[in-house]
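From a predicted model like this one, the values you see are computed outputs, not experimental measurements.
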Protein chains: 4
Amino acid sequence: MAVLGKTKKEVVSEFRSGEILEAARLVFAAKGYGDATVDDIADKAGIAKGTVYLYFPSKREIFVELIRKGFLDLHSRTVKNMDAAETTADKLRAFISTRMDFSDSSREFFQLYYSEYSNLLATPSKLSPEFQDLYDQQAKLMEETLARGVRRGEVKKMNTAAIARLVYDTTRGAIAQRILGWSRRDAKEDADLVFEVLWRGIGCE
Amino acid sequence: MAVLGKTKKEVVSEFRSGEILEAARLVFAAKGYGDATVDDIADKAGIAKGTVYLYFPSKREIFVELIRKGFLDLHSRTVKNMDAAETTADKLRAFISTRMDFSDSSREFFQLYYSEYSNLLATPSKLSPEFQDLYDQQAKLMEETLARGVRRGEVKKMNTAAIARLVYDTTRGAIAQRILGWSRRDAKEDADLVFEVLWRGIGCE
Amino acid sequence: MAVLGKTKKEVVSEFRSGEILEAARLVFAAKGYGDATVDDIADKAGIAKGTVYLYFPSKREIFVELIRKGFLDLHSRTVKNMDAAETTADKLRAFISTRMDFSDSSREFFQLYYSEYSNLLATPSKLSPEFQDLYDQQAKLMEETLARGVRRGEVKKMNTAAIARLVYDTTRGAIAQRILGWSRRDAKEDADLVFEVLWRGIGCE
Amino acid sequence: MAVLGKTKKEVVSEFRSGEILEAARLVFAAKGYGDATVDDIADKAGIAKGTVYLYFPSKREIFVELIRKGFLDLHSRTVKNMDAAETTADKLRAFISTRMDFSDSSREFFQLYYSEYSNLLATPSKLSPEFQDLYDQQAKLMEETLARGVRRGEVKKMNTAAIARLVYDTTRGAIAQRILGWSRRDAKEDADLVFEVLWRGIGCE
DNA sequence: GATGAATGAGCCTTCATTCAT
DNA sequence: AATGAATGAAGGCTCATTCAT
């Protein structure tokens with residue numbers, strides 16, 4: 001027990017938190033944050049409403065935690081796959097396909113993530129500071145990759161910060177298409193398409 | 001009267017509707033759809049709450065109408081500017097810069113438009129059928145432009161439907177960056193950047 | 001209308017506020033602040049719960065307003081009757097009997113007033129500043145009367161501030177006895193009793 | 001064991017009860033009955049919430065028991081000190097100063113006791129019958145003292161029952177002033193003041 | 001006996017919508 | 001047509017109490 005660093009209590013607690021998050025993920029994705037009620041989440045999790053509040057201080061916090069977890073997961077996968085790639089082109093390809101694949105397996109996460117992202121547009125102040133950090137962290141990842149590509153002569157000289165965002169946005173858009181069912185291609189095809197356009201746009205030769 | 005196709009009553013009615021929409025545009029953009037109240041809108045419009053319901057059947061419908069109007073305005077400007085351009089490259093440039101400029105002058109519209117767009121991700125069912133039409137209409141515009149470019153030999157042979165969406169998404173992303181204040185470049189610079197990457201990605205030579 | 005200084009709307013609004021306060025007075029007195037619900041008040045007033053919130057911002061504020069109004073009423077009656085008395089003894093008598101009479105006619109007010117007063121003991125911080133002012137205002141009234149009595153030679157030289165409080169407390173206690181039904185004497189008898197003990201205690205001769 | 005009249009189990013049980021009561025005393029005094037939670041009490045006592053319910057059937061009953069114990073303690077001290085005094089004047093003085101001293105050393109008890117006393121005003125029905133007995137018991141104590149004083153010729157002929165209550169109320173008021181921090185005198189001074197006014201009011205000569 | 005996770009009834013407050021004037 | 005008072009359903013959150021371990 002001590003070896004694992006967790007007491008039985010903590011394990012149970014994390015299990016419950018996990019169940020609630022899982023229920024919330026489905027409910028939020030199905031109804032949207034505003035239309036989802038804490039009762040919905042409790043019902044889906046098979047527990048009483050009050051129990052939810054033993055594990056989370058507020059409805060909003062459930063949402064935030066959900067995004068945070070998915071975000072970190074996505075981020076670490078992306079980092080891992082990009083690190084495994086050698087050339088900048090392959091790193092870009094890894095970035096795109098990791099996200100595309102993740103969106104297929106974690107569709108609900110992306111629904112929440114993107115809608116939260118866009119809600120920022122309406123009310124930026126709502127963005128918790130931590131979210132801002134997460135976004136920045138992501139942007140840096142691509143920006144540095146591109147900057148290295150420039151130094152290596154693999155990528156055209158350009159405003160890497162702006163292009164990094166552009167890469168994100170284009171990828172995000174393609175994923176959104178898939179989620180909305182507007183693309184009937186498989187993930188690989190979509191990833192290739194995005195990669196090719198972008199790489200031709202920014203790569204040398 | 002009949003000549004104009006509108007009775008005096010209709011003119012007055014449209015005037016009021018317009019005032020309410022204008023008020024709603026500001027309120028929704030400032031607070032977000034969920035946090036905005038019908039009272040806020042009525043106050044901003046300088047009328048009584050009940051009056052709002054003489055012109056619109058529900059809060060939701062005000063929002064929808066707002067998006068629709070802005071959407072049609074944006075669409076017609078885009079069409080006009082693209083038609084004025086000769087080459088596909090210039091049409092693409094026109095597409096991007098028209099939107100970028102519009103986002104500067106109608107920032108609130110884009111805030112609503114994009115957040116609504118993203119809410120589709122969470123709850124597609126909410127999308128009124130007409131919205132679907134509007135999106136499709138837009139997509140077609142770019143798709144046909146690209147297809148013609150392909151026929152003319154200006155654009156690489158490719159899945160024009162998918163690329164059309166990609167162009168939209170990339171442009172949307174760049175505009176979102178601007179709205180969020182994450183870009184300090186002026187509209188022209190951002191438009192050029194997006195154009196260059198995309199055109200290098202899809203154009204011939 | 002202008003002559004009265006009130007529009008019809010204001011009259012109606014005040015009427016409603018009054019109805020709600022009246023209902024709240026009965027409900028609070030019957031159940032205590034904590035056990036009373038806004039629904040109880042709305043029901044008693046014969047209106048919908050939401051309507052209550054058109055006239056008062058919160059349950060707490062209804063309570064505060066209730067106390068404030070009764071307080072001011074009691075205070076003005078007390079001042080009037082004390083002013084009408086010539087000697088300090090008569091002023092003291094007026095003070096006591098005004099309150100005793102008021103407690104008979106506005107029993108619910110005293111129930112609330114005294115229980116609020118005592119809740120101060122448990123949580124002084126809750127006392128809204130305005131309440132503090134009201135209490136001080138009251139204390140000053142008796143203190144000045146006693147001070148004048150001292151100057152006139154009608155009252156023994158003494159700590160008038162402390163005695164003023166003592167007079168209040170003794171009167172309050174007698175009223176509480178009546179409200180609790182522990183006194184079967186009529187108001188006049190109780191008032192005389194309190195007066196005699198106090199006057200013998202503080203008056204000259 | 002039988003000699004002591006208590007089994008070991010009972011001793012332990014009483015110890016725990018005492019701990020809970022002590023914790024509750026602090027919590028109730030700090031937050032007021034309504035705002036205090038059973039969790040607060042359990043935390044302060046260093047036990048689990050459920051354990052509280054092994055010793056008390058409800059939150060309310062903890063409160064009642066708390067009042068009862070303090071009450072009996074106060075009562076027995078008062079009786080003892082009054083018995084030690086010879087003259088009625090000294091007995092009255094003993095009554096007042098015993099309470100005044102007790103309020104300094106058991107401030108929390110008085111906060112609860114007085115606020116509960118006043119809550120009776122709002123909801124007399126809540127008063128458990130036993131409380132009624134406690135109050136009566138107290139009243140009798142002073143009443144009999146005064147009656148004896150009358151017989152001895154030390155006290156004026158008067159309605160001893162009513163005066164007994166008056167003495168209680170005046171003392172209570174002075175203590176409340178102290179608890180509220182409205183008196184900066186020391187306990188002795190306050191006790192003297194109350195005694196002098198009352199004794200002049202009821203004593204012979 | 002002790003625990004504390006779980007419960008769920010209940011409360012205050014908000015606000016889209018209605019309707020009498 | 002315009003008003004805005006009134007409505008009441010709904011939701012987030014609290015907390016006294018219970019009960020399986």
Selection: residues 46-53 of chain A, any non-hydrogen atom under 4.0 Å of DNA chain E = A:Ile47, A:Ala48, A:Lys49, A:Gly50, A:Thr51
Between B:Phe109 and B:Lys69, is there a cation-pi geometry (under 6.0 Å to ring centre, at most 45° from the normal)?
-> no
How would you label the contact of A:Ala42 with the nucleic acid (heavy atoms, under 4.0 Å): base, sugar-phosphate, or nothing?
-> nothing
Please state whether the rings of C:Phe63 and C:Phe28 are parallel, tilted or perpendicular, taking 30° and 60° as the class boundaries.
-> perpendicular
Could you check C:Thr37 against B:Gly34 and say which one's nearest nucleotide on DNA chain E is further toward the 5' end?
-> C:Thr37
Measure the distance from CG on D:Asp43 to P on E:dT3 and round it to the nearest whole Å.
-> 12 Å
Roughly, in whole Å, what's the span from NZ in B:Lys31 to P in E:dA16?
-> 10 Å
Whether C:Thr51 side chain and C:Ile47 backbone form a donor-acceptor pair below 3.5 Å | no
The answer to which of A:Asp39 and D:Pro57 contacts DNA chain F further toward the 5' end, by nearest nucleotide, is A:Asp39
Would A:Ser13 and A:Arg16 satisfy side chain to side chain contact (heavy atoms under 4.5 Å, CB included), going step by step from the backbone distance to the final call?
-> CA-CA 5 Å; A:Ser13 175; A:Arg16 261 296 148 79; 5.8 Å; no
At under 4.0 Å between heavy atoms, what does B:Phe56 touch on the DNA or RNA strands: base, sugar-phosphate, or nothing?
-> nothing
Whole-Å distance between E:dA2 C1' and D:Glu19 CD?
-> 13 Å
What one should report as the nearest heavy-atom pair of A:Val27 and A:Ala36 is CG1-CB, 3.5 Å
Hunt down any stem DNA chain F takes part in, defined as 3 or more consecutive Watson-Crick or G-U pairs whose two distances are each under 3.5 Å.
-> E:2-21 with F:2-21
Take the protein atom CZ of D:Arg16 and the nucleotide atom P of E:dG1, then report the distance between them rounded to whole Å.
-> 10 Å
For the atom pair CD (B:Glu19) and OG (B:Ser17), what is the distance rounded to the nearest 0.5 Å?
-> 9.5 Å
Donor-acceptor pair, C:Tyr55 side chain versus C:Leu21 backbone, under 3.5 Å?
-> no
When rounded to whole Å, the CZ to P distance for the pair C:Phe28 and E:dC11 reads 13 Å
Contact interval (first through last nucleotide) of DNA chain F with protein chain A, 4.0 Å heavy-atom | F:dG11 to F:dT14
CG of A:Leu66 to CD1 of A:Ile62, rounded to nearest 0.5 Å, is 8.5 Å
Do the rings of D:Tyr113 and D:Phe71 sit parallel, tilted or perpendicular, given the 30° and 60° boundaries?
-> perpendicular
Name the one of D:Lys59, D:Arg25, D:Lys31, D:Lys49 that satisfies salt bridge (Lys or Arg N to Asp or Glu O under 4.0 Å) with D:Asp40?
-> D:Lys31
Base, sugar-phosphate alone, or nothing: which one does A:Ser58 contact when heavy atoms must sit under 4.0 Å apart?
-> sugar-phosphate
Mind listing the closest non-hydrogen atom pair of C:Val52 and C:Ala42 along with its distance?
-> CG2-CB, 3.9 Å
Between C:Leu54 and A:Val38, which has a closest nucleotide on DNA chain F that is more 5'?
-> C:Leu54
